[in-house]
Every structure is written in structure tokens, then in C-alpha cells.
Amino acid sequence: MGLPKAYVAGDYEADIYALWEKSGVFIADPSSSKPHFSIAMPPPNETSTLHLGGALFITLQDILIRHARQVGYDALWLPGTDHAAIATNSVVERQLAEQGTNKHELGREAFVAKVKEFADRNRGTMLKQMRAMGASADWSRLRYTLDEALNRCVNEVFIKMYQDGLIYRGHRIVNWDPNLETTVSDDEVIYKEEESPLYTLQYGPFKISTARPETKFGDKYVVMHPGDKRYAQYKTGDTFECEWINGPVTATIIKDEAVDPAFGTGVMTITPWHDRTDFEIAERHGLEKEQIIDFDGKLLAIAGEFEAIKIDEARPKIVEKLRQKNLLVSIDKTYTHNIALNSRGKGVIEPQIKLQWFIDVNRPAVDWKGQKRSLKEVMRAVIEDGDIKIVPKRFEKIYYHWIDNLRDWCISRQIWWGHQIPVWYRQESVHSPQSAVHSKDSVYVGVRPPQEEGWQQDPDTLDTWFSSALWTWSTLVDPELTKDFSLSLDDLLAKSIDYQTYHPTDVLETAYEILFFWVARMILATTYVTGRVPFKTVYLHGLVRTETGKKMSKSDPDSIVDPVGVINEYGTDALRLALIAGTSPGTDQRVRKSKIVANRNFVNKLWNIARYIDDLRVRPLEGEENNIGRRSLRVVPLGHNRGSVMPKSVADHWILNKLSIAARAVSEDLDNFRFSEAYDALYHFVWDDFADWYVEVSKTTPNREVLAFVLKSTLKIAHPFAPFVTETIWQSFDPFDKTQPSINTKAALNSSNGQDRPEQGRMGDSAQDKNLFQGLALEKESLLASQLWPKFQKVDLAKVSQFKELQEIITQSRQIAANVGVTKPALFYKAAPLIDENKELVKSLGRLSQVKEAKAAKGLRLTGTKYAAWLDIDRETAQAYLGRLKTSQKAREAAIKLLQKRLSNKSYTQKAPKELVKQTKTQLVEEQQLLEAIKHEIAAFQTAVKNI
RNA sequence: GGGCGAUUAGCUCAGUUGGCUAGAGCACCUGAUUUACACUCAGGGUGUCGGGGGUUCAAGUCCCUCAUCGCCCACCA
């Protein structure tokens, strides 16, 4: 017995991973003659640690990739990390604040160096943890969103879009975060409901309401709905004088449909600089706009005595002043409204007008299928035309809705960590024809800085999602080529072998949360640049929630289940399986400890099947001749992909049939992204069919070759789901080779009683000096990870049915015995060659004292089989069973009635598929036979009872 | 205001293009068992598939409607 009793994942995982990585089995080969398959891994924040969501996406993608390799693809899973501009930037800014300084004092260069240092220091944890999850990614192609090569791509795309008029610079209202001192895109703004007082103020003849009196200093336009009869006497352009916060103002009447007559008095004043709706009204009517609040969140000179006061402090003071001036009409304290927050850092967003860079989503400047279309139109078309399929489909609707509401994308950020905008400015003196001299900003846009003196680069960086949007292809561009500035973007793509081989990628798997942030933007950028879609299928997974259904959040550390902790306690395979069991695409799931335990048990079940077979290789069974030494079990070299085996017994035929069905089902389910169903098929094959039936059968009539073959095949189909335990078993022994001892002696010693285990969770650490498997050759071919998927086995279906008949006899024997409280009864049979041939098997599995041919009926007749078989139980003892028989009779009768009704329905026999009708007929016959048997048995019972 | 999802066993959830008597894990009950595994085995489920209506030979599945919970988007003076 070489293997320890229970599989202790921590003893093997690091070594197994090292084995894979060293062998190069994860490295894709564009020159391979195999068909290619690729997935671009969503790059996680390089300085963060793995959370359950990350564990989930790695599991799903790893399953797809491993399965693809096994069914014969050259598969590339390209990993990478993200520079997470705002997140990383703000961590370092916070550190600086703690040290009493800030980035402005430090200066740009020093600040960026500091962020880089922070990133360098914290990089690696994530990569290590992804390996711990078993990710079979091609680390030789690891990319980072701030790589030089990716920067080249980012700049090229920016320039291309600029030249096509898709990128422009303009004064627009943007979401300004005064805390992080940057703009953020519309998608990064979240809204939180908050109760705050609503002040109603007297503004000339009107009453207006506001929750933000501090923005009202400059208000000089009064707006109402054109159809509002109450204000019919006023016309657009009418003016009046009135007393306001800091003295008299001249107000102008504006009529605009944006005003809701039902809200308050139906009249409002506008603050175009700090409100999007107001801005739009002002744009429509050509009104003046004035800044009230500066970019630090303090009031400007227009606020008079309130200048330079933070808005929160200023508000009560302003309200007090309004009260004193008798301009405050009323306060509604129960008013709730949504305040805008930055999703990162939760700072309150202040709308501001700012000169920023935007992507125009409505300009028809994209060549798509022979037409000039806008980015919006292309984004819609690729889904509508089926170029990209979204799984689950319901997200297509959500996606369309997002596109329809999409505004121009603000891509410039005022943070320093990221891709700096490739634009330079220079103040130039210009002599106009009238010979007046004035200065003008010249603009230079290019991959490299202009050669002449005096140019200043735009200080802003690009939204992180701008570089992420290029991810599927920028990672496939050959980094060497990007150093050659004579090449155009098209050249770079044309000459990059990886790009030519692996793009478009096959699947993009990610969380539904980032459908807009990332998926949509990859579609936007990639269709525009390459003229092709970035991926063919989008699979979206749901959130992993806590046991109580809450979202795990950093602000509530107790809510977080740490995947690394789970790996250390239960093993990676258990975690992976728990994350896919009973889930469905796009739906949130809860993770509970019991679920992880259940899946750890499955992993252990695989382990023990292997242990049993390992043991059986070299040990004769009771009653078996001790001639194993002479028997020439064919020695098959490790990793040899033997495609088939010879079945002998009915059980052999049955298990090979089950195996084939399971292998096919798992594969088909995975092809269709039905992860949970695939695992379900695997689980029940392994546990119910292989362990509980075939292994048990093998204890009386072993066929070592079939056992070994089924084990090897099982390891293959289980491998994508539970890569570590399956590879560990694969490497531990060759089930065909009785001469080779199990090699896990060290692990066996370590974990024989669960004590003195080596330190766990050391994945990737150099502390592990000796690999358990170091004696093995490291050829790729010897790894389970590079084995091909099992082929369908042809078997004799008649023999399969015979085994099912035996199962029925065995199951019924157990049921009756348990039901009447008898242990180990005898079974008699008459004229039943099948039972006769499998006496020992039926006896052992049926928990019977003996199985014997009888001359006449004796005891209790089994009803579920066509064979004449009786359990040796007297009818008095079996009284309890009578009730069961009667229940069964009723069920049969009900079923028969239903089937007859169905068959007598002409529209059913005419309209339903022929096969189904045929099936129904067969079923009716079977039910009728069964009913007859039951009736006979009940009659026999009644006779017996009478005779007592 | 617009949209999406969920509602199935005590709990957590599967259930594909409608098609056998609706399933799994956990929990629970009864029993077994010193060598593959107590991380085990055998046996045990009386569910109005949220309510109502409709389409169909056939509905957990499709359509309408109502209810409850959750999410997304937009508006919020």
C-alpha cells in the first residue's frame, strides 16, 4: 500500500505545478499543425491578492483550456496583470499623505518612480496565487498593461483614432473627483441614496428648490417647461431684477422641456458648470456658464464672503444668510436624492466643465463590413449579426441598452500612473494677415516626442480601460517588433505570428460586472483597429457571495472568504470544484464551507479508487490463485495513450459503456459552457458507477486491465476540473505496471496520521528543495496534462443490459432486506443463467448469505426482474414489505393509466415525435409486466397469510 | 421611470431547443462495517416547481398577469 489513506493536497500541489511548468506543457506553439484555441486572461490588478472571484475565473478558464488541449488543440491561455491606474495611484497617494506630503511636492517623475517601486514590491503575490489555483497559463507570454510593447499599441491606437476624428479634445462636463483629483468615466460613477434637506428659496417672483444652495451664487437663468400654463405669461428671454444671496441679480427666463412641471413649483434655476442637465440646457440655449466650485471642492470668488470655504462647511452658513435675507421659504427634511460617488475610493463626484480628451462614439468613421459606421453602430452590429455570442444570452439585451445610452467616453485622467497621452503642445507666436501677433497652442500627436525644443507633453494619462480595451490583440503583438518605429500599426499586426495565429480569441470569460467597462470596450477598440472581433464567445459568470448572500467587500473583512485559506485547508481541487458545482452562467452563487467539504470528499474518492487499484496491481485476492507474478500484465509505459481495452464480463462492458457516455457528456457540456452539468456527469460517473458498482464488482471478479484503463480514462476526464489530484495519481504509479512501486513514500510518511505535514501554501516558494517527483522524466508526454481525451469504446450492448439486470436484482435484494429488517438473507433462483454466472458478484453486492439454484419457488419473489429469483425471507417477517408492494402497485397502475391515456390521444400519436410514441408503448408494456409480477406477489402473500 | 433576474425538498441550488414517475449536495432518520475511502457503504423524499390565467398532444420550461426579493440603467432642481 503505497499511497496514504487520505489525499492531503498540500503535500503535492506545489510539486505538481512545478512539474507542469517545467515541462512546458502550458506553452502554446503557433507552428503546431493542430488547430489553435486561445483565451486572453482578464488581467487582475498586479498589486492585489487573489479573491474568490479571481479563483472562479481561473477555474472556469483553466477548465476550458485544459479540455481544449485534451481534445487536440494547440491552446494558448495568455496571462497578464493590470496596472490598475486609479487603484494603485491612490494607494501610493494615501501613503504619501500619511507621511505628510503629496504627489505635487514630490513631482511627477519621483511620484511615478515611487508607484513603480510599490508595484514592483507587491507584484508577484497575484501571480503566485494564480499558479496555486492550478492555472495552466502560458507564463512565457505573460503581459502587463504598462509593458513598452503595449504602450506602443496604446499610442498607435490613440493616434489612429485622433487622425480619424474619433478622439477629440474639448470642454465638456465631466465627473470630477476632488479627492483623487481626477475625472472618471460615467461607468465609474455609482449612486447612493441619501437623505438631505431640500431648501425652497424665493427667487424674484418664483419659488425654486435646491438641495445644494452652495452652488446657487451664479444662478441667473430661470427655467420652466414651455407647456406649463402657470407660467404662460413669461417668455424665453424675459428678464427681471431680484435680490439674491450676495446682492441683486438680473435673471433671464428660459423655457425648456427638460424641466418636470410636476416637481416642486415647476421652476428651477440652473448651474451649468456643476450639473449635467443644466449644462445641456445651457448648451441648447447658448447660455453663459460660470464655475462656482474649484477643483479642490472649495468655493470661488463669486461666493463673496464664502470664498475658499469647503462646500460642506459653507452650506449651513449660506442657508443662514438666506434665512436672514428672508429668501428661505421652507425646508423639507425628508427629501432623498442620489449622490454620485466615485466607485473607487468613494469620493463625492462634483460635475465640472473641463478640457478633456473624449472618444466620439457617434461619428461614422469606422470601416465595418464595407460601410462607414460609428463605434456605437459597430458595437451593436457584432452582437446582432452573431459575430459574437454572449452566454447567457440575456446579457445581450443589457449590452444593447448600455450602448443606446452611451455618451462620448472621457479617456483622460489627471493621475500620473498610466499611459501618458501621446500629445504635445507648444505655445507659438502667430502672425496673422493683419500682422497682429498672438499666441496659439500648437498640437503634436505622435508615437514619439517631437524632436524640436519647447514641446510639453499632455500631463494626463489614459483611462485604464483604454489599454485594457486592446488586451486580446496587444498581448499578441511581438514585443520585439514594437521597438521598430518604422513599422505601422498594421505592419505590427501583420508581422506578429501570435496575433496571426491566435486572434480573434475563442472565448472571453469574465464577470458580468465588467461587461461595460471591459467587454464592450474591447469590442469597440478591436473592431476599429483590426476589423475583426476580439473574441467569438463571451461567457459571463456571476458574483461569488457570502454564505448569507451578501457581496464580499473590503470594508467588511469578515465577509471575505480567502481562497488561499481554503486552498491550504482543503486543497485547490476542492475549491475549484466547489466553485462550479451547482452554478449557472451569469448567476451569483454563495460559497459555504459544507460545499467545499463535499467536493474535497470527491477529490478523496478519486484518490481512494486509485489507492485500491494500486493495491490490487500487486496483491492476489482471496480465492484468486497467487499467480500474478506469472501473469503477463502488459507493462505500459507511463503516459502511453492506449486507446482501448478488451472487456470480458458483463460488468466490464457496462463500465466501459458508462465511461464512454460520461466522457462524451463532459466534453459536450464543456463545449457548450455547461460547467456545472459537466461536473455533475463526471461526479456521478466516478462515484456512483465506478466506485460504488464497478470497484465493488471487482472485489469478486477483478479485471485488472479494465480497472486500470477506466482509472486512467477517469483521470483524463476529471483532469480539467481537478488537475492536481488527477496528475498526482497519474504520476504516482502506472496502474498497468505491477513492477513499478508507488513512489509517494515521502508523502506517505508525511501524512500518514495527519501530523508533521510540511508547511502548506508554499506554492512557488523556493523553500521546497526536493520535488517528490524528481525521479521522473520530465517529458511533456508523461504528463496527464498532455493526454488526449478518451475515445468512445464500442461494447456489446446486450451485455450492458445484462449487467443492468444484475443491478436490479442486487438493488432489490438490498431494499427488501433493509425494509423488513433482515440482514444477509439467501437468494434462490431458477433457470437464470445470468445469475448463475454471476453468483459471487450478486452475493457480495447484494449482501446475501448465499446465492443458490432452487428447484421450486421459495420465499419472496423479486418483482423488478424478469428472472425467477426469491429472497429467503418468510412471509410473516416480510409483512412490512407487503405495504411497499401495494404502494408500488398503485404507482404502476397510475403510470399505466397515464400512458394509456397518452396513447389513446390521437393528436399525441400523430403530432409527437415517432420515437417518443414508440418509447411510450415500450414503457407501457414494461409497466404492465411489472404490475403483473407485483400482483402475483401480493396474491402469494395473501395466500401465505391465510395459510398461517 | 425603463430593463433584467430570482422564486423548485428543511437549507444551498441544478434542470439545455417544451417530452419518461422533477434531480444533486448538505442536513436529518434507520442500519452496516476492523484492510480503497467515517473525507465510507446500504436503505429512507408525502415538492400545490411563488399565485392566477393562457398556448400545446404535452409546461418547472413558452406567453400574459399579479406578488415578494435582488440587480442594472436613467432621472432626481
Side-chain angles (χ1 to χ4, degrees), chain A residues 1 3 5-7 191 198 200 208-212 215-216 219 223 258-260 263-271 275-278 335-338 392 394-395 397-398 401-402 404-405 512-513 515-516 543 547 549 570 574 578 581-584 586-595 597-616 668-669 672 674 676-677 680 683-684 691-692 695-696 699 811 814-819 821 823-824 845 847 891-892 894-895 898-899 902 905-913 915-917 919-920 922-923 927:
Chain A
M1 186 77 48
L3 302 177
K5 219 166 175 177
Y7 172 69
Y191 295 92
L198 182 70
T200 300
I208 57 139
S209 298
T210 183
R212 303 201 53 195
T215 65
K216 295 278 148 192
D219 287 14
V223 192
V259 178
D260 176 7
F263 187 96
T265 58
V267 180
M268 65 179 195
T269 60
I270 58 168
T271 313
D275 184 281
R276 184 181 296 279
T277 312
D278 294 0
Y335 179 70
T336 57
H337 70 150
N338 285 333
R394 66 172 186 271
F395 283 98
K397 226 175 189 175
I398 297 171
H401 185 253
W402 177 80
D404 294 342
N405 285 296
Y512 68 73
E513 278 186 303
L515 177 61
F516 308 144
L543 260 56
E547 194 164 349
Y570 299 99
T583 60
S584 59
T587 305
D588 297 351
Q589 62 166 315
R590 301 178 189 197
V591 166
R592 302 174 307 286
K593 195 179 162 184
S594 68
K595 200 175 172 187
V597 170
N599 289 290
R600 188 270 320 262
N601 293 354
F602 175 71
V603 169
N604 195 52
K605 182 51 92 172
L606 281 171
W607 180 254
N608 271 290
I609 292 170
R611 266 186 87 212
Y612 171 77
I613 293 168
D614 177 32
D615 185 32
L616 200 59
E668 278 178 9
D669 283 335
N672 291 290
R674 297 191 295 250
S676 178
E677 289 91 327
D680 197 62
Y683 183 98
H684 291 291
D692 288 348
V695 167
E696 291 306 316
K699 286 177 182 174
T811 305
R814 287 170 184 166
Q815 281 172 344
I816 293 170
N819 206 253
T823 50
K824 293 216 161 205
L845 269 72
R847 300 168 174 232
R892 295 286 80 75
L898 195 83
L899 292 169
R902 195 174 293 167
N905 184 341
K906 274 193 185 144
S907 14
Y908 173 73
T909 47
Q910 281 164 12
K911 289 185 190 172
E915 291 232 340
L916 191 68
V917 177
Q919 200 183 322
T920 310
T922 317
Q923 205 186 338
E927 289 286 351

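Sequence lines set the chain letters: A, B, ... in the order given, protein chains first and strands last, and positions in each chain run from 1.
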- request: For C39(B), give its Watson-Crick or G-U wobble partner with both distances under 3.5 Å, or none.
  value: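 When the pairing criteria are applied, nothing turns out to pair with C39(B), so the answer is none.
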query: Which base, if any, makes a Watson-Crick or G-U wobble pair with A9(B), both distances under 3.5 Å?
result: none
Expressed as a whole number of angstroms, how long is the span from [X]:[atom1] to [N]:[atom2]?
X       : N      : atom1 : atom2 : answer
D260(A) : G1(B)  : CG    : C1'   : 11 Å
W402(A) : A74(B) : CH2   : P     : 11 Å
W607(A) : C37(B) : CH2   : C1'   : 12 Å
N905(A) : U56(B) : CG    : P     : 13 Å
R394(A) : G2(B)  : CZ    : C1'   : 18 Å
L899(A) : A58(B) : CG    : P     : 16 Å

Taking the side chain of [X] as heavy atoms from C-beta outward, which of [options] is closest to it?
X       : options                : answer
I609(A) : G25(B), A36(B), C76(B) : A36(B)
K397(A) : A36(B), G3(B), C39(B)  : G3(B)
D615(A) : A14(B), A74(B), A36(B) : A36(B)
Y612(A) : G25(B), A36(B), A32(B) : A36(B)
N338(A) : C26(B), G2(B), C76(B)  : C76(B)

- prompt: Just checking, K605(A) and Y7(A): is the charged tip under 6.0 Å from the six-membered ring centre and within 45° of the axis?
  reply: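 No, K605(A) and Y7(A) do not form such a contact.
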Does [X] contact [N] through a side-chain donor or acceptor facing the base, at a distance under 3.5 Å?
X       : N      : result
N405(A) : C73(B) : no
R611(A) : U35(B) : no
K699(A) : A36(B) : yes

message: Between N608(A) and R611(A), does the side-chain hydrogen bond (donor to acceptor under 3.5 Å, both in side chains) criterion hold? Intermediate values first, please.
response: CA-CA 5 Å; N608(A) 271 290; R611(A) 266 186 87 212; 3.0 Å; yes
How is [X] classified with respect to the nucleic acid when contacts are heavy atoms under 4.0 Å: base, sugar-phosphate, or nothing?
X       : result
L198(A) : sugar-phosphate
N819(A) : nothing
R590(A) : sugar-phosphate
R902(A) : sugar-phosphate
E696(A) : base

message: With nearest nucleotide decided by heavy atoms, which residue, G266(A) or D680(A), maps closer to the 5′ end of RNA chain B?
response: D680(A)
